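Heads up: the structure comes next, in structure tokens.
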Amino acid sequence: MKKLLFLPILFFGLSLIGQAGYQPGDKVNNFSLMNVDGKMVTMNASDSDIEGYILIFTCNHCPYSVLYEDRIIELDKKFKGQGYPVLAINPNDPKQYEDDSFEHMKVRADEKGFTFPYLVDETQSVASAFGATRTPHVFLVQKVGSDFVLQYMGAIDDSARDEEAIEELYVENAINALKNGQKIKENSTKAIGCSIKWKK
Amino acid sequence: MKKFVLLCFMINAFYQLNAQDYKVVRFDDIQQIMETKNDTLYVLNFWATWCKPCVEELPFFDEMQERYQDQKMKIILISLDFQSQIESKFKPFLQQRKLKSEVWFLNESKFNKFIPQVDQNWSGALPFTLFLRESDQYRSAKEGAFLHGELKTIFDNIFDN
């Protein structure tokens with residue numbers, strides 16, 4: 001019996017190896033990051049309209065991020081009024097891609113008419129805490145009391161390159177499941193993306 | 001006449017292969033390589049022309065291709081470039097770089113299932129490289145680009161000991 005009890009612990013331990021950052025079910029730390037308008041933004045648990053946030057690590061230079069820009073705007077438009085606004089976060093070292101600098105972020109947010117804050121994670125500590133690895137990389141958090149709990153991490157949908165071939169709207173499905181008190185079908189998905197450009 | 005048409009077709013195919021210098025593949029083709037049972041070392045490098053760290057490490061793979069071309073090994077550079085940019089970016093890149101390793105173009109759009117099949121620990125970020133050899137169950141993988149010395153050490157350890 002003791003042996004049987006030990007097994008799950010062993011497997012749990014093994015599953016942690018090689019995975020940094022939060023896992024679905026984990027409480028996440030709040031953050032305070034500068035938006036392109038110069039104001040600091042945090043997740044606001046005291047706002048009664050807020051049910052959670054769609055946090056998206058993204059950037060200017062990555063073609064996969066660019067592919068998703070319009071879809072991210074649509075997500076925000078659709079879910080902001082339902083209590084799940086988008087917060088976009090650029091974690092990249094601008095020394096490696098000038099395109100990802102704060103100045104260029106302002107330009108892109110303006111050009112594309114971002115309906116959501118576009119925050120700079122200058123120290124990369126937020127991306128690191130979440131275990132973000134690529135852009136775009138989504139982390140859906142749900143408000144629980146005064147905390148935020150990670151409920152879904154991964155891709156926005158299942159077909160980055162071909163919008164017409166989309167079969168699974170992972171983020172939308174996850175939010176709808178949360179709203180209906182159902183279990184999220186897939187709470188972690190993978191997608192091709194650009195690696196986050198960590199400071200050297 | 002039939003023979004002439006066939007000849008024309010063959011010449012055409014030959015030149016196309018040389019001009020393009022890459023092969024369009026699906027997941028199945030990659031899986032086939034991953035399941036090959038022999039003593040060849042397969043090195044699968046997932047990259048794209050738009051991925052700067054990927055492009056930076058390509059010469060290192062080519063150098064290993066030259067250095068160990070007599071060994072039982074095969075380096076395959078699997079591009080995840082966009083279908084819409086084959087003509088504008090991918091082909092010009094190949095023509096300019098004249099890569100020595102084999103180049104594949106992966107024609108797929110659904111990656112959530114495929115990525116863990118390549119490797120459980122791959123998040124999907126590029127570049128990603130997998131080393132496989134069935135005969136001695138050799139397997140190693142890396143997400144992110146190699147430094148020159150780092151890649152050389154791996155190959156040297158495999159072939160020079």
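This structure is a prediction, so every number in the text was calculated from the model and none was measured. All chains are named by letter (A, B, ...) in the order of the sequence lines, taking the proteins before the strands, and each is independently numbered beginning at 1.
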Would you kindly confirm whether [X] and [Y] end up in one hydrophobic cluster when ILVMFWY residues are joined by side chain heavy atoms under 4.5 Å apart?
| X | Y | value |
| --- | --- | --- |
| A:Phe31 | A:Val120 | no |
| B:Val55 | B:Phe90 | yes |
| A:Ile72 | A:Ile175 | yes |
| A:Ile89 | A:Leu150 | yes |
| A:Leu119 | A:Leu55 | yes |

Taking everything shown except [X] itself, do over 12 heavy atoms lie less than 6.0 Å from its [atom1]?
| X | atom1 | answer |
| --- | --- | --- |
| A:Lys95 | NZ | no |
| B:Gln32 | CD | no |
| A:Glu122 | CD | no |

Quick check for you: to the nearest 0.5 Å, what is the distance between [X] atom [atom1] and [Y] atom [atom2]?
| X | Y | atom1 | atom2 | result |
| --- | --- | --- | --- | --- |
| B:Ser109 | A:Glu164 | OG | CD | 11.0 Å |
| B:Lys110 | A:Ile192 | NZ | CD1 | 14.5 Å |
| B:Lys52 | A:Cys62 | NZ | SG | 13.0 Å |
| A:Glu186 | B:Asn112 | CD | CG | 5.0 Å |

- prompt: Which pair of non-hydrogen atoms, one from A:Arg134 and one from B:Gly124, has the smallest distance, and what is that distance?
  reply: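 A:Arg134 and B:Gly124 have their closest heavy atoms at CD-C, 4.2 Å.
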Where A:Tyr97 and B:Cys51 come nearest, the two heavy atoms and their spacing: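 Heavy-atom minimum between the residues: OH-C, 4.5 Å.
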Side chain proximity check, B:Pro53 to A:Lys197, heavy atoms < 4.5 angstrom: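 Yes, at least one pair of side-chain atoms sits under 4.5 Å.
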query: Does B:Pro116 reach the side chain of A:Lys190, with side-chain heavy atoms less than 4.5 Å apart?
result: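 Counting from C-beta outward, B:Pro116 and A:Lys190 do come under 4.5 Å.
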query: A:Ala165 versus chain B, heavy atoms under 4.5 Å apart: side chain, backbone, both or neither?
result: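 Its backbone and side chain both get close to chain B.
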field: Engaged part of A:Leu67 at the chain B interface, taking heavy atoms whose separation is under 4.5 Å
entry: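 It is the side chain, since no backbone atom gets that close.
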task: With a 4.5 Å cut-off on heavy-atom pairs, point out which of A:Asp158, A:Asp162, A:Thr189, A:Thr133 contacts chain B the most.
output: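 The residue among A:Asp158, A:Asp162, A:Thr189, A:Thr133 with the greatest pair count is A:Asp158.
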- request: Could you check which of A:Pro63, A:Ala155, A:Ser159 has the highest count of heavy-atom pairs closer than 4.5 Å to chain B?
  value: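 The residue among A:Pro63, A:Ala155, A:Ser159 with the greatest pair count is A:Pro63.
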- request: Please answer whether the main-chain N or O of B:Glu108 pairs with a side-chain N or O of A:Arg161 as donor and acceptor at a distance below 3.5 Å.
  value: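 Checked: pair present.
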What part of [X] gets within 4.5 angstrom of chain A, counting heavy atoms only: side chain, backbone, both, or neither?
| X | answer |
| --- | --- |
| B:Gln85 | neither |
| B:Ile115 | side chain |
| B:Lys113 | neither |

Sorted by number, residues from residues 73-82 of chain B in contact with chain A (heavy atoms, under 4.5 Å):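 Within residues 73-82 of chain B, the residues that come under 4.5 Å of chain A (heavy atoms only) are B:Leu80, B:Asp81, B:Phe82.
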